[in-house]
Structures are given as structure tokens and as C-alpha cells.
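Worksheet for the structure shown next.
To find a chain, count down the sequence lines: A is the first, B the second, and so on, and within it residues start at 1. Atom set for the values below is all heavy atoms of this structure, side chains included, hydrogens, waters and symmetry mates excluded. On a predicted model such as this, the values are computed, not experimentally measured, just so you know.
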2 protein chains.
Amino acid sequence: MSLNVIKVGGAVLENASLRQAFLRSFAGLPGNRILVHGGGRTATSVASRLGIETVMEQGRRITDAAMLEVVTMVYGGLVNKNAVAELQSLGVNAIGLSGADMCCVKAHKRPAGEVDYGFVGDVDSVNSEALSMFVASGAVPVIAPLSFDPSNGLLNTNADTIAMEVAKAMAAGENGREEVTLTFCFEKPGVLEDPEDECSVIPYIDSALYQSLKDKGVISGGMIPKLDNAFGALRAGVARVVITSAAALGTPAGTEIRL
Amino acid sequence: MSLNVIKVGGAVLENASLRQAFLRSFAGLPGNRILVHGGGRTATSVASRLGIETVMEQGRRITDAAMLEVVTMVYGGLVNKNAVAELQSLGVNAIGLSGADMCCVKAHKRPAGEVDYGFVGDVDSVNSEALSMFVASGAVPVIAPLSFDPSNGLLNTNADTIAMEVAKAMAAGENGREEVTLTFCFEKPGVLEDPEDECSVIPYIDSALYQSLKDKGVISGGMIPKLDNAFGALRAGVARVVITSAAALGTPAGTEIRL
């Protein structure tokens with residue numbers, strides 16, 4: 001059985017027309033699906049309305065106790081439940097999950113190093129059995145970027161990382177090896193040769209090209225952890241990884257990552 | 001198979017020591033369980049921090065679009081996911097649900113009458129099949145007071161009402177009629193003869209006594225819909241309804257409601 005694990009970012013979810021177009025495409029995809037979502041921009045905006053300052057370090061959110069409350073409300077509540085409700089209205093039997101629900105995404109609190117990220121989790125395991133139970137019953141898991149540490153409770157975890165870990169766990173799952181495609185959907189049409197030119201999508205990136213694009217500075221910043229996640233997933237048995245625009249979901253557009 | 005449906009209110013969940021004591025008792029209960037929670041006080045406090053005024057009418061929250069965002073964040077995110085995480089740490093395989101998740105609690109938007117409650121839902125049906133699937137798999141549903149209207153999305157619904165509807169649906173469920181006990185846990189030890197005297201718990205209330213207690217004004221205000229819900233559940237086949245303190249869960253204390 002094939003399975004689509006799809007990650008969609010906050011920038012898509014927070015724009016009503018982009019979100020609706022994405023969710024309609026997602027609803028139209030055939031076969032088994034799991035959705036993983038972000039929501040960082042909404043978290044930043046709700047935090048600011050609550051008088052809580054957002055501090056980012058190397059593109060990642062520093063999560064103190066007040067910020068953990070915000071991301072629990074925003075990722076687990078506002079973004080997750082609204083996505084579930086919109087999908088249900090489109091006929092998709094969605095079920096929203098955090099890492100704590102049925103222990104779907106277990107993690108440990110990242111030890112403070114040069115940077116103390118606070119209540120941030122590094123993933124230890126994904127409960128592929130629970131996710132397979134949902135998928136087998138015809139339900140579509142919608143996963144918020146919150147992981148669960150039995151000793152520390154909920155933790156904030158990057159949504160790209162959760163998507164990669166879910167895809168890896170489902171590819172290695174005990175319930176029959178699944179052919180898993182992992183798709184990162186964002187607001188751009190793929191990895192661009194020239195960030196200013198939306199027509200400069202690079203159709204395929206393998207390890208050698210990745211190295212040369214990094215050396216040339218074509219790939220930099222937040223795209224580097226995304227691509228590292230993509231290669232990590234392929235090395236762990238995920239069949240296919242694609243980076244594409246939310247609007248192009250279900251079409252052959254975008255950038256495919258190859259080992 | 002017997003099933004405990006337990007409702008716990010916001011006043012218990014918002015006090016760390018009451019909440020921990022309650023969740024430990026809940027974790028220690030034998031057999032199948034479903035938890036339904038409130039969270040109104042936290043919603044009021046988060047709304048106030050966001051500059052959104054809380055308006056109540058006959059004890060019920062008026063829910064405009066801004067307040068719906070707040071209750072979606074607070075009930076579906078903050079309160080629900082933290083309860084799930086605490087239960088998981090206590091060894092309970094909790095799964096948090098709103099009415100939209102697997103369409104657990106379907107409702108319609110209440111038409112504006114003398115009062116326009118806004119985005120408030122009256123329950124039409126509970127997906128007892130999905131809840132039974134969770135219970136059969138050893139999971140414990142933890143249900144937030146948000147219902148789902150396919151035409152209007154998420155709606156705010158009183159947690160006592162959701163608990164009653166869940167208990168009724170499980171008692172009438174197709175998967176073998178369950179013997180269902182519905183317990184309303186709050187901060188008082190039961191229904192009190194004298195609201196100032198915590199030792200004046202009325203052990204049993206039947207329909208005749210209920211009428212006379214209402215006539216005498218002993219039962220008034222927010223206790224009336226709670227008791228109406230209790231009698232409604234009994235008439236619909238729920239085996240037992242108890243109103244008790246969160247701390248006394250699992251003991252024979254409290255007030256039992258009888259037809």
C-alpha cells in the first residue's frame with residue numbers, strides 16, 4: 001500500500017485562499033495520507049498579542065514556558081483543529097494529533113548547548129502502529145508539531161523534522177513495509193536556481209548536486225535543514241521526497257530529491 | 001463491558017494540585033474510560049490577555065468569531081493537550097479529540113433566538129463507533145467541548161452537555177450495549193443542601209426530590225442544567241449518574257441521581 005506524508009507550512013495555512021486551495025488538493029489525493037503542519041507565523045502573532053516576544057536562533061524558536069503555552073494553543077488547537085474541521089467539511093475523515101496523543105511522537109528535551117532552545121524536543125520514536133490503525137480505519141492523521149517527553153510533557157518540534165520522522169517510521173513500519181512518498185509543500189514552486197525567479201525550479205537534486213548548490217550558495221538558510229531532512233528520509237527507506245508548492249500538490253511539479 | 005464517562009470542569013483543571021489529584025484518581029480507575037473536560041476560566045483569562053471581553057448570558061458564553069478562536073486554542077489546544085500529556089505520563093494511553101476529529105461530536109449552529117449565542121453548537125450526534133474503536137484499542141478519549149458543524153466548522157458546546165451526549169450514545173451504541181456510568185466531577189463534594197456547608201451533601205436525588213429542591217431554591221443557577229443533563233442521560237439508558245468532587249473520584253461519595 002502506498003502512503004503520502006505531506007508537510008505544509010504556516011505561510012500556506014495562514015493565507016485563507018492558499019490554505020483552501022491546498023486542502024482541496026489534499027482532499028483530492030487518492031490513497032492513504034498523513035498531513036503534518038506548521039504554524040510558526042500564527043504562533044508569533046498570537047505571542048505578540050499576548051505581549052510575549054518571539055526569539056529565534058538559527059531559524060528555530062526559543063521556547064520558554066510562556067512560548068510553550070502559545071505553541072500548544074496555536075499548533076495543537078487553533079491550526080490543528082481548524083485544519084481538521086476544514087478537511088472534514090471536504091469529506092476527509094481527519095483526526096488531529098499532537099505527539100502526546102496515543103504517544104504518536106515521543107521525544108526528549110534537547111539538552112542546553114551553546115544555545116538553550118528551552119522546551120524543544122528531539123524525536124526518539126514515532127508510534128507507527130497507532131498511525132497505521134488510523135490509516136487502516138480510513139482516517140487521515142493531521143499532526144501538529146508538538147512532541148511528547150514522558151518526563152517533561154509537551155515539547156516544541158520543527159514540523160519538517162516531524163514529517164521526516166513520520167515518513168521514516170511508516171516506511172519501516174511493522175505493518176507491512178509501506179511505499180512512502182514525503183512531500184514538503186510551501187509557498188514556492190520548488191527549490192529555485194535563482195530565488196527571484198519562480199520559473200527556475202531545479203527538477204532533481206542528488207547528493208552531488210546538493211553539495212555543489214550549497215558551495216555556490218544557491219541553497220542556503222532554512223532550505224539546508226529541509227534538504228538534510230529529505231536526504232535523511234531517503235537514506236532511511238522513504239521511496240520518494242518532493243519539495244513543491246502547496247498549489248501544485250498532486251501534480252508532477254516541484255523538485256525531487258534523489259540519493 | 002462497563003464504561004466510565006467522566007466530566008471534569010475548568011475550576012479543577014486550572015488548579016495544579018486539584019488537577020494532579022484528579023488525573024491520578026482518573027488514571028487509577030479500573031476499566032474503560034472517557035474524559036470530557038471544560039476550561040471556561042482559562043478561556044476567559046486568555047481572552048482577557050488578548051483584549052477580548054467575555055460576555056456571558058444565563059451562564060453561557062457568547063461566542064463571536066474572536067471568542068471562537070480563543071476557545072479553539074484553549075479547549076482544543078492548551079487544556080486538552082496538557083491533560084493528554086499528563087495522563088500519558090501517568091501511563092494512560094490518552095487521545096485528545098474535538099468534535100471535528102473523526103466527526104466525534106456533530107452539531108448544528110444554534111439559531112439566534114432572544115439571545116444570539118454566536119458560534120455555539122447544539123449536538124446532533126456522537127460518533128460512538130469511533131469512540132468504541134479507541135476504547136477497544138485500549139486508548140482513553142479526552143474530549144474538548146468543541147463540536148463540529150459541517151457547514152459552520154468548529155462550534156463551542158457546553159462540556160456537561162457533551163458528556164451527557166457521549167454517555168447516551170455509548171449506552172445506545174451498536175457495539176454491544178455498554179453499562180455506562182456518567183460522573184460529573186467538580187470542586188464541591190456533591191449537590192449541597194446548604195451551599196455554605198460542604199458536609200450537607202444530598203446522597204440521592206430523584207425526580208420528585210429534584211422538583212422540591214428547585215421549588216425551595218436549594219438547587220438553582222448552573223446546577224439546574226447539570227441536573228437536567230443528568231436526568232436526560234438516565235432517561236436515555238445511562239445506568240448511573242453521579243455528581244461528586246474531583247478528589248472523590250473512584251469512591252462512593254457524592255450525589256447519585258435517580259429517575
Side-chain angles (χ1 to χ4, degrees), chain A residues 39 42-43 46 48-52 68-104 106 127 129-130 133-134 136-142 144 146-155, chain B residues 39 42-43 46 48-52 68-104 106 127 129-130 133-134 136-142 144 146-155:
Chain A
T42 307
V46 169
S48 144
R49 287 169 63 200
L50 289 167
I52 297 164
L68 182 64
E69 278 204 5
V70 170
V71 298
T72 303
M73 293 199 288
V74 170
Y75 301 163
L78 192 61
V79 176
N80 189 271
K81 296 309 166 196
N82 278 318
V84 166
E86 283 190 57
L87 285 170
Q88 285 285 356
S89 293
L90 291 166
V92 175
N93 190 18
I95 174 151
L97 300 167
S98 73
D101 297 290
M102 293 186 85
C103 239
C104 276
K106 226 184 212 171
N127 186 348
E129 210 179 315
M133 178 187 85
F134 290 124
S137 78
V140 173
V142 177
L146 295 167
S147 60
F148 171 63
D149 176 346
S151 317
N152 290 287
L154 294 168
L155 295 172
Chain B
T42 307
V46 169
S48 145
R49 287 169 62 201
L50 290 168
I52 297 166
L68 182 64
E69 278 203 3
V70 171
V71 299
T72 302
M73 290 199 291
V74 170
Y75 301 163
L78 192 61
V79 177
N80 189 272
K81 296 309 167 197
N82 277 318
V84 166
E86 282 191 57
L87 285 170
Q88 286 285 357
S89 293
L90 291 165
V92 175
N93 191 18
I95 173 150
L97 300 166
S98 74
D101 298 289
M102 291 185 87
C103 237
C104 276
K106 226 184 211 172
N127 185 351
E129 210 179 314
M133 177 187 87
F134 290 125
S137 78
V140 173
V142 176
L146 296 167
S147 59
F148 172 64
D149 176 344
S151 317
N152 289 285
L154 294 168
L155 296 172

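Residue contact with chain B, scored on non-hydrogen atoms closer than 4.5 Å, involves the side chain of A/Ile52 exclusively. When heavy atoms are compared at a cutoff of 4.5 Å, B/Phe134 approaches chain A solely by way of its side chain, counted from C-beta outward.
Top candidate by heavy-atom pairs under 4.5 Å with chain A, chosen from B/Val79, B/Asn82, B/Val140, is B/Asn82. Ranked by heavy-atom pairs shorter than 4.5 Å toward chain B, the options A/Lys81, A/Arg49, A/Glu69 are led by A/Lys81. The choice from B/Ser151, B/Ala85, B/Ser137 that makes the most heavy-atom pairs within less than 4.5 Å of chain A is B/Ala85.
Taking the side chain as every heavy atom from C-beta outward, B/Asp101 and A/Val142 never approach each other to under 4.5 Å.
Rounding to the nearest 0.5 Å places CG of A/Leu154 at 9.5 Å from CD of B/Glu86. The structure places OG of B/Ser98 at 9.0 Å from CD1 of A/Ile95, a figure rounded to the nearest 0.5 Å. Rounded to the nearest 0.5 Å, atoms CG (B/Leu78) and CG (A/Leu68) are 9.0 Å apart. Summarising the geometry, atom CG belonging to B/Asn93 is positioned 7.5 Å from atom CG belonging to A/Asn127; distances are rounded to the nearest 0.5 Å.
Of all non-hydrogen atoms in A/Met102 and B/Ala139, the two that sit nearest each other are CE-CB, 3.9 Å.
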